[in-house]
Amino acid sequence: MPRYEPARIEPKWQAWWEAHGTFATPRLPASRKRYVLDMFPYPSGDGLHVGHPEGYTATDIVARFERMRGTSVMHPMGFDAFGLPAEEHAIRTGTPPRESTARNIDTFRRQLKMLGFSYDWNRELATTDPEYVRWTQWIFLVLHDTWFDPVEQRGRPIADLPIPPEVEAGGERAVAAYRDEHRLAYQSEAPVNWCPALGTVLANEEVVGGVSERGGHPVVRIPLRQWMLRITSYAERLERELDGLDWPASIKKLQCDWIGRSTGAEADFFIAPSQDASRAFNDWKAARAVSGFPARPGRDVLRIYTTRPDTLYGVTFMVVAPEHPLLDALTTESQRDVVTAYREAAARKSDLDRTDLACEKTGVFTGAFVIHPLSGASIPVWVADYVLATYGTGAIMAVPAHDTRDHEFATTFGLDIITVVEPIDRVVDPDERFTGDGRAVASGPYTGLATRACIARVADDLEEAGLGRPAANSKLRDWLFSRQRFWGEPFPILHELDDAGRPTGIVRPVEERELPVSLPELADFRPGQTPDPPLSRAPADWLFVERDGRRYRRETNTMPQWAGSCWYYLRFLDPRNTLHFVDPEIERAWMPVDLYIGGAEHAVLHLLYARFWHKVLFDRGHVSCPEPFGRLVNQGMILGEMEFTGYRKAEGGWVSAERHGPDDVGARVPAEQVEKQGEHFVLRDAPSIRVESRAYKMSKSRGNVVNPDQVVREHGADALRLYEMFMGPLEATKPWSTAGVGGVRGFLDRCWRLVVDERADDVRLARQVVADPPSDEHLREIHRTIAKVTKDIEALSFNTAIARMMEFVNVCTPLEKRSRAILEPFIVILAPFAPHLAEELWEVLGKAAPVSLEPWPTVEERWLHDETVEVPVQIRGKLRGRIVVPAGADASALEAAARTDPRITELLAGRRIVKVIAVPGRLVNFVVEG
RNA sequence: GCCGGAGUGGCGGAAUGGCAGACGCGGCGGACUCAAAAUCCGUUGCCCGCAAGGGCGUGUGGGUUCAAGUCCCACCUCCGGCACCA
């Protein structure tokens, strides 16, 4: 009884492909190339999730399709294996992370192979491989050896950094320090997000609402020496160069917003001395007219950044951040106590507290005044925590009439509000804060100017007078690149020690030929209670080294998980190269990635970091293109099965869902006890009780996680692949449906029976399969199917491609004679979707394996058109009949045919036709009176 | 609050401004069978009607058009992201 048995044929063909190297990729493309890439997985201990095969199947279909069209396809897979979860697991179980990671990778690899993806497994890599770590460290050294030239807008070797004479005069140490200040990888003593529970510091991006993104643990800010990457210097290019990319507009926008570039001006406000303020101000202004605007503000001015210099005349107070360096100097004796108290309170507040109280502005007056650079008015300086020390200059000019936050503050503390902008063609209502563009009013010489023009004029005039200059800012912060954890890449950096064993502050990169710096064996790799990294407890022979007669201590921080994923797509091209991170010839031939599919959760971090590294490598001549990922597609999330939730009171009775209170208990209601009534679902036995219907994110705690192994066991890999593609559009969020998998399995069964005689004792061709030439009708059927599937794969519209193949099978199933001439091309186009079944059926048809490399069938245009077409006839837009006309019938022929249709004639009788619309091939519409 | 995305049968979904609901699930009916499963065939948006046929129908309300799920305006709901960035 040879039924379709995926458990038999799937391992068979996986072994065949592996033995024959079917999907091995050549070193260089032999023809048109496509680099089809998945976001490689983090091999967690839970194994593959059904979300993984979604994107992986999509890329696999594209890769297989392109290969069959004669394209050279690069389609690799690897593992992002450093990172916190493995380490957390290791700590809990006492297994070294290297062991548990290796085990997890084995599981993932087995599961991926089980699904029949056409990866070139010879290219497999893990970010934890010592040879991979070696080149990750090498790239870090490239970053360390690079400075960003703002004039040329590109990274250049640190040796090319012009040294100002006054630095040169300071000697070798001063020059070294100056260089260190400009490197893309630099050390900083800035306040960091320390997470005691995780025992590490986190990047700003990893802290969400004051708690860690992973685990939701509290985060506090403490100062610590850290490695930073100067991603901010690339902010403009990272934003601008998104332009040419074929990415979803929403992802581009997300990155733009994240980078958050704004332009405006910096301006200096003279700090009013206690005596003779106006003379001092005039002297200062005169001096500035000569000297111009200094690069760094002196202690006599408060420098601010604004995007709206046009509102300068509306400034009624200034605000500095609690951490502002001049705050102490500004504060007058009478205000010292309140300011100190306020500053301490602000320091104790976590970021969470600060954002949670977003609507309630707090702050205190410093006692100081500055002088308005244009009007000469005296303006009070306040301190408030709604101004961030880390953005712009940490101080603002407040324009309460035209800024929502300033307005709230002014209202809270009774400060003046002066309107200086009015909308052009409407009247503002008195309660409105007009923050848009309009026309300047009450603004001295600028009155009447349109906002855009006014901004430019004010900025120019300020610059002319040495009081300001155009400036740009970005929300993006430099990338905090070190972690106080064990399971990451060690930095290839040595810290020089003096005779007493104390660091001298001089840093020395590890020589390239000494890479990789491997992780030492460590009995105890737990993070400590303090930010002192686990590596600081490494054996002395690892920790301390001697070079050129000097003693050094190794850097004991490690790199964050993002490091490895920043460049893996390059290493895939040449994974065993021991001389280069990638051979330049190979890199030029394959890059950029033509299609990159992965989850939207990496929209900002991974994609931004990888683009940044790539641009640095590009600037330094190590790669040939400025952007790594030409086309990006985000697969949607797969939710758990649809659930109905009913609510019960604590006493036991049901409560309708829209009225349930916090004490009522929600419980799953089986689908057969529920029915739809109008807009809502209700209990079948108690229709007044509404139940909620919704699909939830899969999670262990909800118990709705679907295990791919089990689906494969029950229905096979081809069914899982096909189902995930059939569920709906790739980019949509969709709920899982167990019944849906069964449906797709039914389709594969029907494909099987199309070719195989199910009643025979052994696998044998069905007697209906014949060598006779097919009918015209069947030729049309197969060619239309090929055309649709081809077009849909190109558009990544896999669900509709599968629907078309189902239609084809539905046509063929009842046939007593199924011509090989239509079955064979069908098996070929089925192959990218259900490769195992296609190989098996190809073999049953007596063809030489593998169908996976069979040329993609060509569409014969003449079979796409019928001789006649059916065209709807409408009267006043309502469907009233159908006519059959020759395919090429023009508008007048169409109208004539419609008029002769008996039913239409009858309906048109006695009515005046106002107009006739006849669209060839589409419809006829009679517009009648009455 | 701001920025995205989405609302179409019982369910997942399909539809270059031109026949709404392809395809699949589920339901109903039939064939095969002693029976059931499996398989195959038919049918299936809602309402009225014995039927022929008619009416209604793509979140809500307006608009443009011979024609709107699709375009425009306003609103509602859900999902996702951001959140004092001056």
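First the proteins, then the strands, lettered A, B, ... as listed; each starts at 1. When reading the values below, keep in mind they use all heavy atoms of this one structure, side chains included, and skip hydrogens, waters and symmetry mates.
- Of the candidate nucleotides B/G53, B/A15, B/C40, B/A15 has the atom lying nearest to any side-chain atom of A/T800.
- Of all nucleotides present, only B/G63 satisfies the Watson-Crick or G-U wobble test against B/C71, with each distance under 3.5 Å.
- Counting any heavy atom pair closer than 4.0 Å across all strands shown, A/S262 reaches sugar-phosphate atoms only and no base atom.
- In this structure, A/L754 places its CG atom 15 Å from P of B/U39, rounding to the nearest Å.
- Annotation: B/C23 and B/A15 have their C1' atoms spaced 12 Å apart (nearest Å).
- Within 4.0 Å of A/E870, counting heavy atoms only, lies at least one base atom of the nucleic acid.
- Atom pair A/K915:NZ and B/G18:P shows a separation of 17 Å (rounding to whole Å applied).
- Taking the C1' atoms as reference points, B/U16 lies 15 Å from B/A67, given to the whole Å.
- Within 4.0 Å of A/R261, counting heavy atoms only, lies no atom of the nucleic acid at all.
- Salt-bridge check for A/D749 with A/R753: failed, with every basic side-chain N at 4.0 Å or more from each acidic carboxylate O.
- Rounded to the nearest Å, the gap between the P atom of B/C76 and that of B/G21 is 32 Å.
- For B/C40, one of the phosphate oxygens OP1 or OP2 lies less than 4.0 angstrom from a side-chain nitrogen or oxygen of A/R753.
- At a threshold of 4.0 angstrom between heavy atoms, the contacts of A/K878 are confined to the sugar-phosphate backbone, with no base atom among them.
- With the nearest nucleotide of RNA chain B identified for both A/N925 and A/R804, A/R804 has the one nearer the 5' end.
- A/R750 comes within contact range of the sugar-phosphate backbone alone, with a heavy-atom separation under 4.0 Å but no base atom that close.
- Aromatic pair A/F409/A/F317: ring centres closer than 6.0 Å.
- Using atom P as the reference point in both B/G53 and B/G5, the two lie 44 Å apart (nearest Å).
- Summarising the geometry, the separation between CG on A/N810 and C1' on B/U39 is reported as 14 Å, rounded to the nearest angstrom.
- Of the P atoms belonging to B/C46 and B/A51, the separation is 15 Å, rounded to the nearest Å.
- The base of B/U39 has none of its N or O atoms less than 3.5 Å from a complementary donor or acceptor on the side chain of A/R3.
- Side chain of A/E724 to main chain of A/E54: a donor-acceptor pair is present (N/O by atom type, distance under 3.5 Å, no hydrogens or angles).
- The aromatic rings of A/F434 and A/H402 stand perpendicular to each other, their planes meeting at an angle above 60°, with 30° marking the opposite boundary.
- Classification of A/R308 and A/D310 as a salt-bridged pair holds, one side-chain N sitting under 4.0 Å from a carboxylate O.
- Ring geometry, A/H372 versus A/Y313: the interplanar angle falls from 30° to 60°, so the pair is classed tilted.
- The same atom, C1', is picked in B/U8 and in B/G69; the two are 7 Å apart, to the nearest Å.
- Rounded to whole Å, atom P of B/G13 lies 20 Å from atom CZ of A/F747.
- When heavy atoms are screened at a 4.0 angstrom cut-off, A/S737 is found touching no nucleic acid atom at all.
- In this structure, of B/C19, B/C23, B/G12, it is B/G12 that holds the atom nearest to the side chain of A/M642.
- Nucleotides B/G45 and B/G12 have their C1' atoms positioned 16 Å apart, rounded to a whole Å.
- Here B/G42 sits opposite B/C28 as a Watson-Crick or G-U wobble pair (both hydrogen-bonding atom distances under 3.5 Å).
- Within the 4.0 angstrom heavy-atom criterion, no nucleotide atom of any strand lies near A/D749.
- Mapping A/M397 and A/G877 onto RNA chain B via the closest heavy atom, the residue that lands nearer the 5' end is A/G877.
- B/G45: glycosidic angle beyond 90° from 0, hence anti.
- Closest contact between the side chain of A/V387 and the listed nucleotides B/A86, B/C3, B/G55 involves B/A86.
- Taking the P atoms as reference points, B/G24 lies 11 Å from B/C41, given to the whole Å.
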* To do: May I have the step-by-step check of ring pair (Phe, Tyr, Trp, His ring centres under 6.0 Å) for A/F726 and A/F747, ending in yes or no?
  => CA-CA 11 Å; A/F726 187 62; A/F747 165 69; 8.3 Å; no
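- Listed nucleotides B/G54, B/C66, B/A22 differ in distance to A/R880; the shortest reach to its side chain belongs to B/G54.
- Checked against B/C23, B/C41, B/G4, the side chain of A/M806 finds its nearest nucleotide in B/C23.
- Base contact: A/I917 has a heavy atom under 4.0 Å from a base atom.
- Of the nucleotides present, none pairs with B/A14 by Watson-Crick or G-U wobble criteria with both distances under 3.5 Å.
- When the P atom of B/C82 is taken as reference, atom CG of A/L608 falls 14 Å away, rounded to whole Å.
- Here the P atom of nucleotide B/A6 and the CE atom of A/M637 are 16 Å apart, to the nearest Å.
- Contacts of A/N473 with the nucleic acid, taken as non-hydrogen atoms under 4.0 Å apart, are absent.
- Atom CZ in A/F726 sits about 13 Å away from atom C1' in B/C11, given to the nearest Å.
- A/K253 comes within contact range of the sugar-phosphate backbone alone, with a heavy-atom separation under 4.0 Å but no base atom that close.
- The nearest whole Å value for the distance from the CD atom in A/E807 to the C1' atom in B/A22 is 6 Å.
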